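Worksheet: the structure to be examined is printed underneath.
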Amino acid sequence: MKGKANHGGAGPRTYLLVWAGLLALTAATVTVASLQIGRAAVGVALAIAAVKSTLVLLYFMHLRWEKRLLIKLAIPITLVTLAIFIGLTYTDVLRR
Amino acid sequence: MWLFICTEILLFGGLFLLYSMYRYKHPQAFHAASLELNRFDGTLNTAILISSSLTVALAIHFLRQDRRRQAMGFLALTLLAGAAFLVVKGFEWAEKFRHGLFPNSLVLLARDKGQILYFGLYFMMTGLHALHVLIGLGVLSAVLILINRSRVTAGRPVLLENSGLYWHLVDIIWIFLFPLFYLIT
């Protein structure tokens with residue numbers, strides 16, 4: 001705890017903008033799903049979900065203003081770990 | 001709190017891995033089964049949960065500025081939104097049950113393997129997520145009471161901040177569940 005300024009540069013205005021962005025992206029992902037774009041659809045849906053999660057993490061969860069390195073890196077480290085699990089599993093699944 | 005969040009990501013990550021393998025093996029069945037979900041309810045719930053993330057962020061903001069009443073108001077709105085999410089989810093599940101679709105039901109077992117797997121994962125993952133929403137509601141209610149009793153204040157906001165982080169995590173998990181179950185093309 002080092003005071004307000006340090007802990008969240010975000011005010012209600014920023015939060016409202018992020019919220020509007022999240023709703024717009026939700027609308028986008030639903031729209032894309034109703035277009036028939038075939039195999040790319042999963043990729044687009046996951047990309048939109050990743051952008052939405054990043055917005056929540058950076059702004060709502062204040063990671064953008066986080067000063068402690070370990071907490072900054074916690075989520076990326078977890079995601080890399082998960083990617084390794086998934087990657088290794090698929091080396092098996094894809095070759096059966 | 002962040003460490004706990006990481007363990008939660010891995011918990012759901014494992015289920016997402018399982019999901020991706022079965023979807024890879026049974027793409028048609030997953031598509032057919034997902035058409036039976038109510039896309040409108042899913043979208044509505046996404047909007048509700050995103051809005052509840054906004055209100056809890058605002059509650060933290062106002063508590064830090066020592067504006068207790070606004071903080072409590074936005075926290076109460078968050079609780080309402082969380083409850084609304086569960087109500088919509090309840091109606092959705094009830095409709096599936098009416099059509100005889102629940103784990104191990106005869107209607108479901110008569111279908112092909114991919115669909116059985118899809119609905120198994122659907123009930124497992126949305127159920128686990130709903131459990132998280134329920135726990136989140138409990139924790140946030142407790143924090144609301146503590147703010148009212150001046151036990152959680154502008155000088156001691158950590159309890160609200162950490163429950164807020166947990167609530168955002170629940171939102172993020174839904175952000176992935178929604179397109180993967182409701183929007184399979």
Side-chain angles (χ1 to χ4, degrees), chain A residues 1 4 7-8 10-12 14-16 18-20 22-23 25-27 29-30 32-42 44-46 48-57 59-63 66 68 70-72 74-75 77-79 81-83 85-86 89-90 92-94 96, chain B residues 1-3 5-10 12-14 16-18 20-25 27 34 39-40 42-43 46-47 49-51 53-58 60-62 64-65 70 74 154-158 161 164-165 167-169 171-180 182-185:
Chain A
M1 297 288 114
K4 279 175 209 162
H7 227 279
T14 317
Y15 290 143
L16 278 170
V18 170
W19 173 70
L22 290 171
L23 287 184
L25 285 169
T26 305
T29 200
V30 175
V32 169
S34 56
L35 306 171
Q36 301 294 330
I37 58 169
R39 289 185 146 226
V42 194
V44 175
L46 284 178
I48 292 178
V51 173
K52 285 167 77 179
S53 311
T54 310
L55 281 174
V56 173
L57 283 163
Y59 291 93
F60 286 171
M61 297 170 88
H62 299 146
L63 276 187
E66 181 61 57
R68 292 162 292 183
L70 195 59
I71 290 187
K72 261 192 148 142
I75 299 291
I77 290 171
T78 309
L79 293 180
T81 312
L82 191 58
F85 288 165
I86 294 174
T89 309
Y90 267 88
D92 180 28
V93 174
L94 294 179
R96 283 198 187 202
Chain B
M1 194 61 208
W2 282 100
L3 191 61
I5 285 175
C6 292
T7 66
E8 290 278 272
I9 292 176
L10 289 176
F12 277 93
F16 279 119
L17 172 58
L18 193 64
S20 75
M21 277 167 51
Y22 284 140
R23 178 166 170 180
Y24 173 76
K25 277 190 164 176
S34 97
R39 198 173 272 195
F40 175 78
T43 313
T46 308
L49 220 50
I50 285 174
S51 306
S53 250
L54 169 72
T55 53
V56 86
L58 287 172
I60 295 170
H61 172 79
F62 284 117
R64 278 196 195 137
Q65 296 197 331
Q70 280 97 329
F74 278 112
R156 292 176 57 187
V158 181
E161 285 173 354
L165 286 178
W167 193 255
H168 294 309
L169 167 80
D171 184 23
I172 289 179
I173 293 166
W174 183 257
I175 284 175
F176 282 95
L177 284 178
F178 170 61
L180 289 179
Y182 292 78
L183 306 174
I184 302 179
T185 50

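In this text the structure is predicted, and so the values were computed from the model without any measurement. Each chain gets a letter, A, B and so on, in the order the sequences are listed, and its residues count up from 1.
For Phe178(B), the part sitting under 4.5 Å from any heavy atom of chain A is the side chain, from C-beta outward, and nothing else. At a 4.5 Å heavy-atom cutoff, the contact between Thr46(B) and chain A is made by side-chain atoms alone. At a 4.5 Å heavy-atom cutoff, Leu55(A) makes no contact with chain B through either its backbone or its side chain. No part of Ile184(B) comes within reach of chain A, as not one of its non-hydrogen atoms sits under 4.5 angstrom from that chain. Contacts between Thr89(A) and chain B at a heavy-atom distance below 4.5 Å involve the side chain alone, from C-beta outward. Contacts of Ile173(B) with chain A are absent, with no heavy-atom separation under 4.5 Å from either backbone or side chain.
With rounding to the nearest 0.5 Å, the separation of CG in Leu22(A) from CG in Asp171(B) is 7.5 Å.
Of all the listed residues (Ile50(B), Ile9(B), Leu169(B)), the one sharing the greatest number of non-hydrogen pairs under 4.5 Å with chain A is Ile50(B). Contact tally against chain A (heavy-atom pairs below 4.5 Å) for Gly13(B), Cys6(B), Pro179(B): the top residue is Cys6(B). Ranking Gly42(B), Ser20(B), Ala47(B) against chain A, the residue ahead of the rest is Ser20(B), based on heavy-atom pairs under 4.5 Å. For the options Ile60(B), Leu17(B), Leu3(B), heavy-atom pairs under 4.5 Å to chain A are most numerous at Leu17(B).
Within a 6.0 Å sphere centred on CZ of Phe176(B), other residues, nucleotides and ligands contribute more than 12 heavy atoms. The number of heavy-atom neighbours closer than 6.0 Å to OH of Tyr90(A), taken from other residues, nucleotides and ligands shown, is above 12.
Leu16(A) meets the side chain to side chain contact (heavy atoms under 4.5 Å, CB included) test with Trp19(A), Leu54(B); sequence neighbours excluded. Checked against side chain to side chain contact (heavy atoms under 4.5 Å, CB included), Thr54(A) has the following partners two or more places apart in sequence or in another chain: Leu58(A).
Taking the six-membered ring where tryptophan is involved, the planes of His61(B) and Tyr15(A) are perpendicular, since the angle between them exceeds 60° and thus also 30°.
Looking at Thr43(B) and Tyr182(B), their side chains never bring a donor and an acceptor atom within 3.5 Å of each other.
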